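Just below is one structure, and these are the notes that go with it.
Given the structure is predicted, the values throughout are model-derived calculations rather than measurements.
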Amino acid sequence: MKTILHIDFSSFYRKILNNVFSQAGFNYVEAKNFEEAFNVINNEPVDIIFTAVEFHFDDTARFIQTINESKFKFIPIFVITGNDSQKKKEELFSLGIVDYISKTTPVEEICKYIQFFNEKDTQIEQLRSLSIA
């Protein structure tokens with residue numbers, strides 16, 4: 001079972017995604033800020049990170065950079081936001097995020113997308129483990 005860490009100060013949105021991801025068979029872990037997120041990442045395996053960008057943008061960018069410069073750099077990071085700023089989107093993609101998802105996207109669609117991503121990731125891992133003569 002894959003573990004999703006969701007970082008968002010909105011307890012309402014964390015509760016919604018908790019229900020959706022848990023029903024889809026994911027282990028859901030939440031954090032309301034980056035300090036809590038680092039505690040989670042350092043203490044349990046995390047396969048996917050979802051982070052809001054409604055935090056101070058420099059904090060979000062620093063968090064993503066810190067993850068990408070650490071032993072956790074292979075954890076894919078998805079940004080989920082209510083702010084559809086093209087400039088922020090470009091900056092975050094330049095930091096290496098996998099996708100930028102609007103909070104207006106129906107949660108069922110977000111879950112389907114993550115399930116699809118998870119299936120592709122599993123297939124890639126299986127290919128990496130094959131020995132080719």
Side-chain angles (χ1 to χ4, degrees):
M1 177 183 324
K2 296 276 185 166
T3 298
I4 295 176
L5 169 61
H6 178 208
I7 311 157
D8 199 322
F9 64 82
S10 169
S11 61
F12 174 74
Y13 205 69
R14 289 193 318 265
K15 187 174 187 176
I16 289 172
L17 287 185
N18 182 359
N19 289 335
V20 170
F21 287 135
S22 295
Q23 288 177 3
F26 291 97
N27 181 32
Y28 178 89
V29 182
E30 65 181 51
K32 62 183 171 202
N33 57 49
F34 296 123
E35 183 179 335
E36 283 184 12
F38 281 120
N39 287 335
V40 169
I41 293 167
N42 284 310
N43 291 306
E44 60 184 280
V46 171
D47 300 297
I48 299 170
I49 297 173
F50 259 77
T51 184
V53 292
E54 282 74 23
F55 301 102
H56 189 275
F57 185 75
D58 289 341
D59 292 340
T60 303
R62 192 174 314 111
F63 172 78
I64 294 169
Q65 288 173 324
T66 301
I67 293 297
N68 287 335
E69 294 170 356
S70 74
K71 66 181 180 180
F72 305 111
K73 64 185 170 190
F74 297 109
I75 301 174
I77 300 173
F78 293 81
V79 168
I80 188 154
T81 181
N83 181 351
D84 201 17
S85 164
Q86 186 64 30
K87 182 181 177 190
K88 281 186 180 181
K89 187 185 292 189
E90 290 171 7
E91 289 177 33
L92 291 168
F93 272 113
S94 74
L95 293 173
I97 66 166
V98 173
D99 208 349
Y100 189 94
I101 303 168
S102 171
K103 283 187 176 179
T104 60
T105 304
V107 290
E108 295 80 14
E109 292 299 314
I110 294 170
C111 190
K112 284 180 190 176
Y113 178 71
I114 296 304
Q115 287 174 318
F116 176 76
F117 176 83
N118 184 44
E119 288 170 14
K120 292 296 179 194
D121 189 46
T122 301
Q123 290 171 355
I124 290 169
E125 286 302 315
Q126 288 172 344
L127 287 173
R128 285 184 184 149
S129 67
L130 293 177
S131 296
I132 300 174

Checklist entry - Yes or no on side-chain contact (heavy atoms from CB on, under 4.5 Å) for Tyr13 and Val107, after CA distance, side-chain angles and deciding distance? => result CA-CA 10 Å; Tyr13 205 69; Val107 290; 4.1 Å; yes

Item to check | side-chain contact (heavy atoms from CB on, under 4.5 Å) evaluation trace for Val20 with Tyr28 | outcome: CA-CA 9 Å; Val20 170; Tyr28 178 89; over 6 Å; no

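Taking Glu108 as the reference, nothing meets the side chain to side chain donor-acceptor pair (under 3.5 Å) condition, with sequence neighbours excluded. Contacts of Thr104 classified as side chain to side chain donor-acceptor pair (under 3.5 Å), with partners at least two apart in sequence or in another chain: Ser102. Listed by chain and residue number, Thr105, Pro106, Lys112 satisfy the side-chain contact (heavy atoms from CB on, under 4.5 Å) test with Glu109 (two or more places apart in sequence, or in another chain). With sequence neighbours excluded, no residue satisfies side-chain contact (heavy atoms from CB on, under 4.5 Å) with Phe74. Checked against side chain to side chain donor-acceptor pair (under 3.5 Å), Ser22 has the following partners two or more places apart in sequence or in another chain: Asn18. Residues passing the side chain to side chain donor-acceptor pair (under 3.5 Å) test with Tyr100: none are found, sequence neighbours excluded.
Here Ile16 contributes atom CD1 and Ser10 contributes atom OG; the two are 7.5 Å apart, rounded to the nearest 0.5 Å. For the atom pair Ile77 CD1 and Leu92 CG, the distance stands at 10.0 Å (nearest 0.5 Å). We find the CD1-CD distance between Ile97 and Glu91 to be 11.0 Å, quoted to the nearest 0.5 Å. Considering CG of Asp47 and CD1 of Ile4, their distance stands at 8.5 Å, rounded to 0.5 Å. Rounded to the nearest 0.5 Å, atoms OG (Ser94) and CD1 (Ile64) are 9.0 Å apart. Note that CD1 of Ile49 and CD1 of Ile80 are 14.0 Å apart. Values are rounded to the nearest 0.5 Å.
Of the possible polar contacts, none joining the Asp99 side chain to the Ile101 backbone as a donor-acceptor pair under 3.5 Å is found.
A 4.5 Å side-chain heavy-atom check between Thr66 and Phe72 finds every atom pair outside the cut-off.
Every pair passing ring-ring contact (aromatic ring centres under 6.0 Å, His included) that includes a residue from residues 75-95 is listed here, sequence neighbours excluded: Phe50-Phe78, Phe78-Tyr113, Phe78-Phe117. Within the structure, the salt bridge (charged side-chain N to carboxylate O under 4.0 Å, His left out) test picks out the following pairs touching residues 5-17 (sequence neighbours left out): Asp8-Lys103, Arg14-Glu30. For residues 64-81, no residue pair satisfies the salt bridge (charged side-chain N to carboxylate O under 4.0 Å, His left out) rule, not counting sequence neighbours.
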Please tabulate, for the side chains in residues 36-46, all donor-acceptor contacts under 3.5 angstrom to protein atoms that are two or more places apart in sequence or on a different chain.
| unit_1 | atom_1 | unit_2 | atom_2 | d |
| --- | --- | --- | --- | --- |
| Glu36 | OE1 | Lys32 | N | 3.0 |
| Asn42 | ND2 | Phe38 | O | 2.9 |
| Asn43 | ND2 | Asn39 | O | 2.7 |

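Nearest heavy atom pair, residue Asn68 against residue Gly96, reads ND2-CA, 4.4 Å.
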